[in-house]
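Excluded from the calculations below are hydrogen atoms, water molecules and symmetry mates; all remaining heavy atoms, backbone and side chain alike, are included. For ligands, and for the atoms within them, numbers begin at 1 and follow the listed sequence.
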Amino acid sequence: MSVSQMMVSSTTFVLAVVLTAFIGVPAFAGGQALGLKRPVLDHRIDPEKVEQYEAAVVTAMAMSEEELLSFVPEKTPTYFCHCPNCHGGSQGLGVMGWDVANPQQLTCNYCGMVFPNDQYPADQMIEGENVLGEIVQYSYHQDRKYDDLRIFYEGYILEKKRTWIQARAYDLAKAYAVTGKPEYARRVALILDRIAQVYPHYPVMKQWIRLFEFAPSQEPPYPSNGGRWDRWTSGELPEEPALCYDLIYNSDEFDKLSAERGYDVRERLEQEFFIAIFDANNTPPLEESGQLATRNLRRAGIIGQVINEPRIVHWSFNWLKTMAHQRCFYDGSLSMAPSYHYQIMGDFRTSFNLMRGYTDPLGYVHPETEVRFDNLQPEEVLPFILRAYRAPSIVDFPNGTSSPFHDTWAGERRSDPRDTTVSTILPGFGHASLGRGQGSNQMQAQLHFSGAYKHSHRDNLNLTLWAKEREMLCDIGYSHVRSRLWAANTMGHNLVAVDREEQVGSGDPSAGDLVWFFPDSGGVSVTEADSTRVYANIGNVDRYRRMLIMVPVSDADAYVLDVFRVRGGKTHDWLLHGDADRDMNASCSVELPHQRPDMLEDDEEWVEPVDESSRFNLYGCIRDVAYGAVQGTVTITFAYVDEPSRGLRTHITAGDNAVVNLGVSPSIRRAGKFDSEAFDYWMPQLLVRRTGQAPLQSTFGAVYEPFAGDTFITEVSAISVEPGDDGVYAVRVEHGNAVDTIISTLDQAPYPERQIDGVSLHGRLGIVRREGGTVIGMWLFEGESLACAGQTLAGDTAAFTGTIQAAIRSVDGALYDALITDADLPEGDQLKDVWMVVTHGNGYTHGYLIERVERHEGLSHIVLSMDHGLRIDGEMTEELYFPQRQIAGVNAFAIPLQTSR
Ligand SMILES: [Zn+2]
Ligand SMILES: [Zn+2]
């Protein structure tokens with residue numbers, strides 16, 4: 001489209017475009033979408049609120065056009081700014097305040113100082129070249145406390161200005177949409193035109209918390225932590241300008257401005273801004289460009305629809321479809337953490353809402369996929385997304401907050417509070433939650449065995465306990481303060497640290513394996529996971545597994561038995577810390593006669609952390625420690641300071657040579673965003689240490705007794721089983737008039753007999769409850785028999801096992817999602833609601849919930865409750881969801897059974 005054509009009146013112009021479209025000639029020039037009904041997106045504008053929309057633009061309208069346009073930065077803004085006076089806040093984000101009334105100054109939100117000033121002048125300069133070869137400069141202040149910190153007030157002021165002008169432009173565009181007043185549209189057109197003028201001169205900058213510098217190359221692909229429009233590539237596509245453009249697209253203020261300027265304003269905006277940014281950022285490494293890539297995809301969907309560029313809409317939709325599989329496990333949860341899950345699913349949801357009903361321009365077919373969209377219904381193309389949207393909510397706490405594993409903000413509420421809790425699991429992600437109870441007696445014991453795939457913690461086999469309305473044993477969750485390492489790393493979790501080392505922190509070896517999930521067996525629930533590979537860095541560790549058993553005592557109360565088995569290394573630290581939201585006091589049932597300031601060794605030094613990326617020795621975080629060697633059962637009580645009759649008693653049996661260390665550790669959460677408060681809040685910290693010759697073997701048994709009012713357990717004692725071996729653990733728990741005898745083994749068929757207290761077990765787990773010598777309850781898990789006082793509980797089969805020959809999926813047109821085996825399994829509903837565990841050729845396991853079994857042509861079809869996401873072809877298995885591995889070897893399965901009475 002030539003400039004001279006643009007000079008005709010807008011009416012004629014619209015007609016010309018429509019005619020062009022009708023004769024089928026693709027006209028992908030600026031302003032091509034004039035024929036579309038505007039706006040093309042749903043901006044949720046309420047026409048009733050005219051006054052509100054007009055009130056929002058008073059400040060912007062009171063300025064001269066020149067003054068208003070001065071808020072559009074002429075170079076890339078800086079996103080981080082620290083205070084050189086107090087170094088308050090964290091990350092250099094949200095430290096400095098800004099006000100449109102004094103747009104050239106910043107005010108520290110922490111110390112109140114105004115910048116720039118003579119005391120902390122911006123008297124230094126960096127300079128570099130943009131892609132056009134022009135010199136661009138930024139002034140800065142060299143921090144006096146930290147050599148590596150440069151403070152760019154000027155660049156940060158640009159960021160504040162740009163945030164302000166973009167928001168006002170959208171306000172103006174909405175005011176225009178409800179009033180039709182051309183003076184509002186003119187200002188938006190001016191702002192957008194100004195952006196199109198300056199953007200080509202923006203340099204590519206690299207930026208992070210303490211970094212702002214010219215990127216070595218000014219050409220795409222841009223560095224992942226940098227770019228021209230944003231602070232990272234995955235946020236590089238603009239959003240508000242596209243939304244503004246949609247609302248004023250058909251205004252003839254564009255045509256008037258084009259006449260004034262002597263060029264087609266729409267064309268320039270589209271080519272030199274929207275399409276230029278898109279073309280610089282549509283390169284395939286998108287999947288590597290960080291977790292926020294979906295933000296770019298959402299924005300691409302917006303831009304593509306607003307400027308009517310179907311290739312951009314298809315690019316967005318196709319990548320979203322691909323990424324749902326690339327980033328989510330088969331259970332729908334994102335590979336990272338609930339906080340990121342919801343953020344990213346928010347992009348999916350918004351994108352799909354905005355694309356719903358989208359139709360490509362007449363005659364368009366995507367050149368590579370050969371697909372065209374007519375009245376696009378995204379969830380019909382990708383039904384999996386409906387499961388994914390809220391996947392992690394299945395393990396939410398009773399109050400509706402997300403379980404704060406990995407980089408998840410504690411207290412983030414994504415669900416309504418609920419009244420009843422049951423056992424749930426994210427079998428793909430690797431997080432099981434044993435649950436029971438109603439109202440204030442809801443209780444959860446959660447076992448985490450997920451791998452670490454960005455925004456993760458080194459936290460395999462972490463335990464979290466919710467009981468009596470509180471998060472009594474917590475996972476600290478996300479933090480950006482300088483003590484973050486404690487929240488994110490192994491010793492800051494409730495688990496066993498081997499040889500004072502961190503677990504493997506990334507990729508497949510960091511993932512644990514589900515062994516068992518029994519959600520409800522006559523009121524008792526059990527889960528077990530094995531994560532031996534997370535200590536592959538310690539060569540001789542060949543056992544690292546944890547079993548949790550939730551045992552009800554009454555409607556109000558239950559206890560959790562925790563059996564943590566470790567073999568390998570020479571130091572085993574069993575770690576447990578309390579509530580990070582409320583203060584707790586800790587006491588111990590035996591005297592701990594010795595004191596030490598922390599858990600550092602003599603040759604180790606504490607290095608005070610500076611910011612969230614600081615490294616330090618985590619044992620230096622465990623402070624004010626009282627310690628002593630112990631024998632038998634030790635009971636530690638964590639009681640709430642605000643309500644001492646509420647809390648948790650932990651009865652520990654650790655075997656010989658155990659030393660109990662009881663101190664405090666940083667609870668961090670209440671420090672919020674303040675680095676200065678990173679070590680102001682503390683929670684009780686227990687460390688039970690066993691040391692010995694490698695490979696050391698330990699079985700830590702703990703009974704957790706949450707209480708509100710009276711405690712209910714009178715005694716816990718570890719007992720010796722005949723014959724014993726290092727895989728066997730047994731405990732007697734006395735409460736009220738009842739005695740529970742629990743025997744746990746690592747036995748396999750044929751199961752040897754294990755005896756204690758008149759109880760005989762052939763199997764992996766047996767629980768017998770007696771009152772006055774009379775058996776009143778029996779539970780057997782993966783076993784052949786459990787006998788006591790003349791009563792016998794027999795399982796016909798301890799577990800079904802076999803190999804998987806094939807897999808079928810309903811999304812491929814099969815009647816159901818099923819794994820197919822030549823093993824002879826009981827037909828019908830007999831295995832309904834049982835969790836099977838498949839061990840893939842690489843040794844990793846996954847759990848699947850059985851719906852029923854059908855027999856066809858001599859094979860058992862194990863029909864599952866959800867898509868397993870597996871393609872099995874001979875001895876090759878492909879995971880269609882994250883982590884999308886190709887796995888060689890046979891898939892073996894076990895269907896462990898339970899019985900009770
Ligand atoms: Zn300050
Ligand atoms: Zn954590």
Enquirer: Look at H87 and state whether any of its N, O or S atoms is less than 2.8 Å from the Zn ion (ligand 1).
Expert: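 Here the distance criterion (N, O or S atom, under 2.8 Å) is not met by H87, so no.
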
Enquirer: What N/O/S atom of D475 is the closest to the Zn ion (ligand 2)?
Expert: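 Considering only N, O and S atoms, D475 comes nearest to the Zn ion (ligand 2) through OD1.
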
Enquirer: Measuring to the Zn ion (ligand 2), does H493 have an N/O/S atom at a distance below 2.8 Å?
Expert: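 An N, O or S atom of H493 is closer than 2.8 Å to the Zn ion (ligand 2), so yes.
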
Enquirer: Does the ring centre of W208 sit less than 6.0 Å away from the ring centre of W232?
Expert: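 Aromatic pair counts; centres sit under 6.0 Å.
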
Enquirer: H457: which N/O/S atom is nearest the Zn ion (ligand 2)?
Expert: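 It is ND1, the N, O or S atom of H457 closest to the Zn ion (ligand 2).
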
Enquirer: Kindly confirm or rule out a cation-pi arrangement of R885 over Y844, judged by NZ or CZ under 6.0 Å from the six-membered ring centre and within 45° of its axis?
Expert: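 Satisfied, under 6.0 Å and within 45°.
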
Enquirer: Can you tell me, to 10 degrees, how wide the angle at the Zn ion (ligand 1) is between SG on C83 and SG on C108?
Expert: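 Answer comes to 110°, rounded to 10°.
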
Enquirer: Going by heavy atoms in the side chains, are D675 and Y110 under 4.5 Å from each other?
Expert: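 Side chain of D675 against side chain of Y110, heavy atoms only: no contact under 4.5 Å found.
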
Enquirer: Side chains of S339 and Q343 only: does a donor on one sit below 3.5 Å from an acceptor on the other?
Expert: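 Looking only at side-chain atoms, Q343 and S339 do not form any donor-acceptor pair under 3.5 Å.
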
Enquirer: Give a yes or no on whether the ring-centroid distance for F429 and H406 is below 6.0 angstrom.
Expert: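 Under 6.0 Å, so yes.
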
